[in-house]
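Okay, structure first, notes after.
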Amino acid sequence: MIKQLYMELLDLHGPQGWWPLLRKGRDGYRSEYFPGDFGKRSERERFEICAGAILTQNTSWMQAEKALAALKEKGILSPEKIISARAGSLSGAIRAAGYFNQKARKLKEFARFVQAAPMPTREQLLSVWGIGNETADSMLLYAYRVPTFVVDKYTQRLFAELGITAPEEGYSRIKLLVEKEMQADHKAYNEFHALIVRHQKQCRPPCQVMAKLK
DNA sequence: TTCCAGGCAATAC
DNA sequence: GTATTGCATGGA
């Protein structure tokens, strides 16, 4: 059922090229997707992805992208710069992403952490203030290419709609179920989560394209 | 105007 | 362990 869902979504939407990375355009930085690119990330790319994972918490990517681009424009999208930045200038730069005081602190906590732990484990990430299950898994999967499945609100909603899991099913249960069923590499987990987000964004309110799976 | 977006921590039971 | 609340902007 889960594998079938993955194949249906991939067939429907094609490769998503997550995680989007900033690229300089005519009017400032915009994020871009790179379908089919599953190569190793540079240190700078990894940090950008992790910062994006924090900035997009409970916030649309459109807003997180603005905040990320502002950090890039100001030249403070690195652990060193974020550590040395004043709290006010940091929160000011990321204003568009909302929760800017909390997220400024989260960025600082993560920046300090990542300098001491270049290749963090899931448990280490979860010990950092501001990093929960989804953010930790997003960082591991999209920045560090660790084969792990990311669960989010879209996943819980879609799985509930399809009767795969109960609406109130917890994070870990869903994550372990998918990983047990799929036994996949980082590429498939990468695509699967991205496809779920893409699909659920496009289909709100719930659309009929997945009817054959119900 | 209201609702909600790629969550998390603190607090209260 | 589960439920509730604060955090905050900006697009639809």
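A quick note: this is a predicted structure, and the numbers were derived from the prediction, not measured.
For Lys153(A), a side-chain nitrogen or oxygen approaches OP1 or OP2 of dA5(B) to under 4.0 Å. The phosphate of dG7(B) (OP1 or OP2) has no side-chain N or O of Lys106(A) nearer than 4.0 angstrom. Regarding contacts with the backbone of dG7(B), every side-chain N or O of Asn133(A) stays at 4.0 angstrom or more from both OP1 and OP2. The side chain of Arg157(A) places an N or O atom within less than 4.0 Å of a non-bridging phosphate oxygen (OP1 or OP2) of dA5(B). Between Thr59(A) and dA8(C) there is no side-chain N or O to OP1 or OP2 distance below 4.0 Å. Note on Arg105(A): every side-chain N or O is 4.0 Å or more away from OP1 and OP2 of dC7(C).
Residue order along DNA chain B, read from the 5' end via each residue's closest nucleotide, puts Tyr33(A) first among Tyr33(A) and Leu126(A). Two residues, Ala97(A) and Lys66(A), neighbour DNA chain C, and the one matched to the more 5' nucleotide by heavy-atom proximity is Ala97(A).
Here Ile131(A) lies in heavy-atom contact (under 4.0 Å) with sugar-phosphate atoms only. Here Val151(A) lies out of heavy-atom contact (under 4.0 Å) with every strand.
Rounded to whole angstrom, the span from the CE atom of Met139(A) across to the C1' atom of dG7(B) amounts to 12 Å. The CG-P distance, from Leu125(A) to dG7(B), rounds to 17 Å in whole Å. If you measure from atom OH of Tyr99(A) to atom P of dA10(B), you get 16 Å, rounded to the nearest angstrom. dA8(C) atom C1' lies 9 Å from atom CD of Gln102(A), rounded to whole Å. Whole-Å rounding puts the Asn58(A) CG to dG11(C) P distance at 17 Å. As a whole-Å value, the separation of Glu134(A) CD from dA5(B) P is 12 Å. One interatomic measurement links the two molecules: NZ of Lys108(A) to C1' of dC8(B), which rounds to 20 Å at whole-angstrom precision. For the pair Phe100(A) CZ and dG6(C) P, the interatomic distance rounds to 17 Å; values are reported in whole Å.
Checking dG7(B), dA9(B), dG11(C) against the side-chain heavy atoms of Trp129(A) singles out dA9(B) as nearest. Nearest nucleotide to the side chain of Gln63(A), out of dA5(B), dA10(B), dG11(C): dG11(C). Side chain of Thr135(A), nearest nucleotide from dG10(C), dA8(C), dG7(B): dG7(B).
Between dA3(C) and dA5(B), the distance separating the two C1' atoms is 22 Å to the nearest Å. Here the separation of dA8(C) from dT11(B), taken at their P atoms, is 16 Å to the nearest Å. dT9(C) sits 22 Å from dA10(B) when the C1' atoms are compared, rounded to a whole Å.
Defined by atom type and a distance below 3.5 Å, a donor-acceptor pair is missing between the side-chain atoms of Lys153(A) and Gln200(A).
Glu109(A) has a carboxylate O that lies under 4.0 Å from a charged side-chain N of Arg105(A), or vice versa, which qualifies the two as a salt bridge. A salt bridge links Lys175(A) to Glu179(A): one of the charged nitrogens lies within less than 4.0 Å of a carboxylate oxygen. The pair Glu181(A)-Lys3(A) does not count as a salt bridge, with every side-chain nitrogen at least 4.0 angstrom from each carboxylate oxygen.
Just one residue in the list Phe192(A), Trp18(A), Trp61(A) forms a side chain to side chain contact (heavy atoms under 4.5 Å, CB included) with Val197(A), and that residue is Trp18(A).
In this structure the side chain of Lys103(A) never reaches within 4.5 angstrom of the side chain of Leu90(A), judged on heavy atoms.
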